[in-house]
Amino acid sequence: MIEIRKIESSRLPSTDFSALEFGKAFSDHMLICEFKNGEWGTATILPYQELNYPLSLHALHYGQAAFEGMKAYRQINGDIALFRPKMNFERLNRSAVRLAMPEVPEDVFMDGLKKLIDLDREWVPKEEGMSLYIRPFLFSSSSFIAARPSESYTFAIITSPVGPYYTGNVKVKIEEQYTRSAAGGIGFTKAAGNYGGAFYPTRKAVEKGYTQIIWTDHKDHRLIEESGTMNIMFRIGGTMRTPPLSERILAGITRDSILSLLRSWGEIVEERPITVDEVVYAAENNYLEEAFGMGTAAVVSPISTIGFRERDFEVPNSPEGIAVRIKKALNEIRTGKVADENGWMLKV
Ligand code: COI
């Protein structure tokens, strides 16, 4: 059962969809469901608003917090559809287990999500390349500062209309000092702290003229892992190569979808450890054909330059390239321009 309390008047008329900054405008409603005394309460959809929490809020001190990122799309016939939402639900619960948080019930996540998007369907942009970014998240909400798991938790969903995630030229630096995740750690989760911990090394890379970091392994920085907040893919000598999933790498839903598409197109796809050396060698010898990040926000983010130690390597990025083809194909499935053969879209 989902309880619904509607807004009195929508903020839609005062929201300028032509000037949206990523994640700054929020739709009329949000969903909240609280876990207390060992059980989940009733999920409630209510007007988007600020909530009051004490400064002893557990999540602020110990970071028992994880999130998801997903999108609702407006299709060419006017329908609203979500892209593979069950995968976000399952991944949130994998994060919950690793962070010692209670798993969110499927009906709270899936039914709550569908009802929320249905209620705010006018917030799903009609313009080409735009969508409604959905942020489900779970955090510890007891008010005590003893260093042990919280007793209460809050699951919430907020949504934000977004435009194309334009990043311009992406110049990435192969990181050899800092680490995003380690063996036995929480790299495979969407823990809030994984992102907070990345800001400082990323800022240092930005100060050197790069946009993002290519994360390498925690042991000796010889293996490529991720790029910024995204999974990474290379096209080297005609084959598509991406690092295999592990406890250190986030199981990206965009990554999974791109791998399926590439295989269905007959591309040779390798999911295997990729060394820094093989990428640098390919770049030096002109057979690094493409490199791109894969994630929910940008979908595909082509890399134009890879920096390694004191050298910068230019990476080809043609409008006829595979990155552009993938982005177009995913967009056509999401907007209903082509048949959804994999059953990825869930209509709201
Ligand atoms: C992604 O799409 O790469 C994300 O995880 C986005 C988010 C951190 C804004």
Side-chain angles (χ1 to χ4, degrees), residues 20-27 59 63 65-73 82-85 87-96 98-99 113 125 129-139 156-168 170-172 175 180-181 186-203 205-206 210-215 224-233 242-243 245 248-259 261 291-303 323 326-327 330-331 333-334 344:
L20 290 171
E21 236 185 283
F22 186 88
K24 284 207 171 166
F26 296 97
S27 69
F67 70 93
E68 276 303 317
M70 55 201 297
K71 283 176 175 169
Y73 299 87
L82 297 161
F83 185 73
R84 308 185 79 183
M87 291 191 83
N88 295 92
F89 161 68
E90 289 165 352
R91 191 172 62 186
L92 181 68
N93 278 345
R94 290 199 296 279
S95 299
R98 178 60 182 81
L99 293 165
L113 175 67
M130 295 181 75
S131 55
L132 186 69
Y133 183 81
I134 304 167
R135 172 55 61 88
F137 56 111
L138 174 64
F139 62 96
I157 310 179
I158 54 176
T159 72
S160 171
V162 294
Y165 200 88
Y166 180 70
T167 42
V170 180
K171 221 178 141 180
V172 293
E175 180 59 52
R180 181 189 160 274
S181 70
I186 55 171
F188 68 97
T189 72
K190 255 180 124 59
N194 283 343
Y195 295 77
F199 293 156
Y200 178 72
T202 306
R203 189 166 69 195
V206 168
Y210 295 94
T211 353
Q212 279 297 346
I213 278 174
I214 290 190
W215 298 102
I224 303 266
E225 305 223 302
E226 294 190 18
S227 172
T229 61
M230 309 178 99
N231 296 114
I232 189 163
M233 174 81 82
T242 191
L245 294 182
R248 301 194 307 270
I249 293 183
L250 185 88
I253 296 158
T254 310
R255 174 191 182 278
D256 184 82
S257 311
I258 290 175
L259 289 177
L261 279 183
F292 53 88
M294 307 175 276
T296 299
V299 187
V300 171
S301 176
I303 291 170
I326 291 168
K327 193 162 188 166
L330 278 174
N331 184 50
I333 296 170
R334 288 163 167 170
W344 283 341

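In each ligand, atom 1 is the first atom listed, and ligand 1 is the first ligand listed. For the numbers below, each heavy atom of this structure counts, side chains included, while hydrogens, waters and symmetry mates do not. Start at 1 with the first residue, then count along the sequence.
- Proximity of Ile253 to Met70: side-chain heavy atoms (C-beta onward) are nowhere separated by under 4.5 Å.
- Shown in contact with Ala297 at under 4.0 Å from a heavy atom are these atoms of ligand 1, numbered in order with element: 1 (C), 2 (O), 6 (C).
- With respect to the salt-bridge test (charged N to carboxylate O, under 4.0 angstrom), the residues Arg248 and Glu225 qualify.
- Residue Lys190 has at least one heavy-atom neighbour below 4.0 Å for each of these atoms of ligand 1: 4 (C), 5 (O).
- The shortest N or O to N or O distance between Arg135 and ligand 1 is not under 3.5 Å.
- Of the polar atoms of Thr296, at least one N or O is found under 3.5 Å from an N or O of ligand 1, judged by distance alone.
- Between Ile186 and Ala191, the closest heavy-atom pair is CD1-CB, 3.7 Å.
- Listed by atom number, the atoms of ligand 1 under 4.0 Å from Met230 heavy atoms are 3 (O).
- For the residue pair Ser227 and Ile303, the shortest heavy atom distance occurs at OG-CD1, 4.2 Å.
- In terms of protein heavy-atom proximity, atom 8 (C) of ligand 1 is nearest to Tyr195 CE2, 3.8 Å.
- Two residues are said to be in side-chain contact when any heavy atoms from C-beta on lie closer than 4.5 Å; Ile326 and Met294 fail this criterion.
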